[in-house]
Amino acid sequence: QVQLVESGGGLVQAGGGLRLSCAASGRAFSSYAMGWFRQAPGKEREFVAAIRWDGDTTYDADSVQGRFTISRDNAENAVYLEMNSLKPEDTAVYYCAASYAFSSTQWNYPYWGQGTQVTVSS
């Protein structure tokens with residue numbers, strides 16, 4: 001099992017950037033694929049980005065391609081989401097999650113953090 005804690009959210013103006021971090025504790029972090037998801041008010045939670053256990057392969061949602069970058073540091077038990085050129089529609093609670101499979105489907109992720117709020121003002 002793995003426990004996840006997100007940090008780095010906040011308020012930023014459109015066009016700005018933020019770096020989200022997710023600290024993991026528990027067993028065998030390096031064996032999990034990791035993902036970032038987000039949920040805006042009144043909307044369903046959606047996939048943002050995922051990274052394979054070894055960091056060699058990533059996959060991004062179309063809506064964030066070219067703006068967001070997922071990375072991980074297995075030595076630090078951490079995964080990151082670098083967000084640039086933020087837009088008001090990126091406003092959401094951002095969650096990191098751990099999975100046994102490299103996937104963009106939230107139902108494949110059994111472990112979730114509590115989320116961190118990102119608000120982008122216009």
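In this chain, residues are counted from 1 in sequence order. For the numbers below, each heavy atom of this structure counts, side chains included, while hydrogens, waters and symmetry mates do not. Fair warning: this is a prediction, and the values are worked out from it, not measured in the lab.
One distance of note links CE of Met83 with OG1 of Thr69; it measures 11.0 Å at 0.5 Å rounding. Taking CG of Asn77 as the start and OG of Ser30 as the end, the distance is 7.5 Å to the nearest 0.5 Å. Here Thr116 contributes atom OG1 and Leu18 contributes atom CG; the two are 8.5 Å apart, rounded to the nearest 0.5 Å. Within the model, atoms OG of Ser7 and OH of Tyr94 stand 15.0 Å from one another, a figure rounded to the nearest 0.5 Å.
Taking both residues in full, the closest heavy atoms of Val120 and Gln13 are given as CG1-C, 4.0 Å, listed atom of the first, atom of the second, then distance. Taking all atoms of both residues into account, the shortest heavy-atom contact from Ala40 to Thr91 is CB-O, 3.5 Å. Across all non-hydrogen atoms, the minimal contact from Phe47 to Ser103 is CE1-O, 4.1 Å. Residues Ser122 and Pro88 share a closest heavy-atom pair of CB-CG, 3.9 Å. Between Ser104 and Tyr59, the shortest heavy-atom distance links the atoms CB-CE2, 3.8 Å. Here the closest heavy-atom approach between residue Asn74 and residue Trp53 is recorded as ND2-O, 3.1 Å.
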Take Asp90 and Arg38 through the salt bridge (Lys or Arg N to Asp or Glu O under 4.0 Å) test and state the conclusion after the steps. CA-CA 9 Å; Asp90 294 318; Arg38 66 186 183 186; 2.9 Å; yes
Quick one, Tyr100 with Tyr111, criterion side chain to side chain donor-acceptor pair (under 3.5 Å). Give me CA distance, side-chain angles, the key distance, then yes/no. CA-CA 10 Å; Tyr100 298 111; Tyr111 305 114; 2.9 Å; yes
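Each of Val48, Val79, Val64, Leu20 was checked for a side-chain contact (heavy atoms from CB on, under 4.5 Å) with Ile70, and the lone residue meeting it is Val79.
Taking 4.5 Å as the limit, some side-chain heavy atom of Gln1 sits within range of a side-chain heavy atom of Gln3. In this structure, Leu4 and Met34 have side chains that are in contact, with non-hydrogen atoms separated by less than 4.5 Å.
Remark: Arg72 is positioned above the aromatic ring of Phe29, its terminal NZ or CZ atom under 6.0 angstrom from the ring centre and at most 45 degrees off the axis.
Under a hydrophobic-cluster definition in which Ile, Leu, Val, Met, Phe, Trp and Tyr are linked whenever side-chain heavy atoms come within less than 4.5 Å, directly or via other members, Tyr80 and Val2 are assigned to different clusters. The hydrophobic clustering, which links ILVMFWY residues whose side-chain heavy atoms are closer than 4.5 Å, places Val93 and Leu86 apart.
Distance alone, capped at 3.5 Å, is enough to place a donor-acceptor pair between the Glu6 side chain and the Gln114 backbone.
Checked against the 6.0 Å centroid threshold, Tyr109 and Phe37 count as a close aromatic pair.
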